[in-house]
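Structure, as structure tokens:
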Amino acid sequence: MNDQTTVLVVESDPRQCETICRALEGEGLHLLITQNMYAALDRIEHLKVDILIAPLKEERIDGLKLLEAAQNQNPDVGIIFVTTPNVLE
């Protein structure tokens, strides 16, 4: 049985994704990377995610819907929303 914490990173910008992953390197985490919310939903349906790092808003699916799907699999899932300053306006 794998006791590693599974972190799903949803990020379409390769540079931003690299920055996030570099910050998490060496922490003993199992990192899963997807570039869009649809791929993230698919991963969440098949895997238990412990921590979700995702955009708050995206074109068709927002981060809250993704969080809801993750909570259906794991009610204790942690969430970090990543956003740009103008998204919250």
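All of these numbers come straight from a predicted model, not from anything done at the bench. Reckoned from all heavy atoms, side chains included, excluding hydrogens, waters and symmetry mates.
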Side chains of N74 and V49: does their closest heavy-atom pair fall under 4.5 Å? no
Check each of V82, I53, L29 against V9 using the side chain to side chain contact (heavy atoms under 4.5 Å, CB included) test, and report the only one that passes. I53
Salt bridge (charged side-chain N to carboxylate O under 4.0 Å, His left out): pairs with one or both residues in residues 35-51, sequence neighbours excluded: K48-D50
Nearest 0.5 Å, what's the OG1-CG distance between T5 and L31? 10.5 Å
Among V10, I44, L47, find the one that has a side chain to side chain contact (heavy atoms under 4.5 Å, CB included) with L32. L47
Look up atom CG in L41 and atom CD in E68, then write down how far apart they are to the nearest 0.5 Å. 10.5 Å
Side-chain donor-acceptor distances from residues 33-40 under 3.5 Å, at least two apart:
residue: N36; atom: OD1; partner: Y38; partner atom: N; Å: 3.0
residue: N36; atom: OD1; partner: A39; partner atom: N; Å: 2.7

Check salt bridge (Lys or Arg N to Asp or Glu O under 4.0 Å) between E18 and all other residues, then give those that pass, not counting sequence neighbours. R22
So, for L52 and V77, which heavy atoms are closest and what is the spacing to 0.1 Å? N-CG2, 4.3 Å
Heavy-atom nearest pair, K65 first then I61, reads CB-CG2, 4.1 Å
Hey, what do you get for CD1 (I51) to NE2 (H30), rounding to the nearest 0.5 Å? 13.0 Å
Taking atom CD1 of I80 and atom CG of L56, what is their separation to the nearest 0.5 Å? 13.5 Å
